[in-house]
Amino acid sequence: MEIAENAALVVVDVQQAFEEEAYWGPRDNPEADRNIALLIDTWQATGRPVVLVRHDSPKKDSPLREGHAGNAFKTYVEERRGKGTGPELFLTKSVNSAFYGTPDLDSWLREAGVRQIVVAGIQTNMCAETTARMGGNLGYEVFFALDATYTFDGEGPWGWKLSARELSRATAVTLHDGGFASVVRSEELVAAAK
């Protein structure tokens with residue numbers, strides 16, 4: 001794997017609200033936060049662009065809504081803001097894809113000549129996957145750091161239930177099989193970026 005000198009790390013929705021287990025339920029991948037921090041550190045140390053995405057939910061009862069403590073980035077992300085030697089973009093969104101945020105992610109990446117992105121963050125099968133899919137559709141070479149994401153158990157129609165692990169695996173299969181992204185591990189990205 002080759003990681004370009006200007007490959008952008010897109011860190012999706014790593015916010016305090018996702019610590020509210022009573023609201024979200026059981027999650028997978030307890031190592032995700034460590035891996036997200038490692039990717040941010042690597043990208044910042046090598047001067048690559050970092051994009052920090054915050055979800056501002058329009059739902060009045062969401063722990064991700066503006067004005068609620070859960071809307072803030074997790075401490076380890078907030079502590080790293082502005083610490084890199086490369087460009088950094090902070091954007092907000094109210095839908096799943098970071099490409100529908102403010103400021104415009106696609107414009108920012110294209111103006112910087114970025115053609116390769118790495119997606120990490122929360123939730124695996126929601127905003128992280130949607131951002132990766134759209135990145136692929138827009139022509140970016142997308143790397144999806146599966147072990148730097150996590151999600152929660154989910155329930156669909158007809159009472160169908162999937163565990164967080166099953167949902168993460170489904171995301172990995174969908175992204176890989178659909179050609180949206182290369183699904184990789186954080187350690188592979190770190191090794192390639194150094």
task = Go through the structure and list residues passing ring pair (Phe, Tyr, Trp, His ring centres under 6.0 Å) with Trp24, not counting sequence neighbours.
result = Phe18, Phe152
request  = Check whether the side chains of Asn29 and Asp147 place a donor and an acceptor atom closer than 3.5 Å, and report yes or no.
outcome  =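 Result is no, nothing qualifies.
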ask   = Does the side chain of Thr149 pick up a donor-acceptor pair with the side chain of Thr124 at under 3.5 Å?
value = yes
What pairs of donor and acceptor atoms, side-chain ones from residues 128-138 against any protein atom, are under 3.5 angstrom apart with sequence neighbours left out?
from	atom 1	to	atom 2	distance (Å)
Glu129	OE1	Thr171	OG1	2.6
Glu129	OE2	Arg133	NE	2.9
Glu129	OE2	Arg133	NH2	3.0
Thr130	OG1	Met126	O	2.7
Thr131	OG1	Ala98	N	3.0
Thr131	OG1	Cys127	O	2.8

query = Which residue pairs pass the ring-ring contact (aromatic ring centres under 6.0 Å, His included) test with at least one member in residues 98-128, sequence neighbours excluded?
reply =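 The answer is Phe99-Tyr140.
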ask   = Which residues satisfy the salt bridge (charged side-chain N to carboxylate O under 4.0 Å, His left out) test with Glu5, sequence neighbours excluded?
value = Arg48
message = Taking Glu141 first and then Arg115, would you say they form a salt bridge - that is, a charged N and a carboxylate O separated by under 4.0 Å?
response =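 Result for this pair is no, no salt bridge flagged.
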Within 6.0 angstrom of Glu155 CD, more than 12 heavy atoms from elsewhere =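 Enclosed.
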task = Look at the side chain of Lys194 and the backbone N and O of Val190, then say whether any donor-acceptor pair between them is shorter than 3.5 Å.
result = no
Distance under 6.0 Å and angle within 45° of ring axis: Arg81 vs Phe90 = yes
message = Just to verify, what does Glu31 make a side-chain hydrogen bond (donor to acceptor under 3.5 Å, both in side chains) with, not counting sequence neighbours?
response = Arg34
message = I'd like to check the side chain to side chain contact (heavy atoms under 4.5 Å, CB included) partners of Ser163; sequence neighbours left out, ordered by chain and number.
response =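 Ser163 satisfies side chain to side chain contact (heavy atoms under 4.5 Å, CB included) with Asp153, Arg165, Glu166 only.
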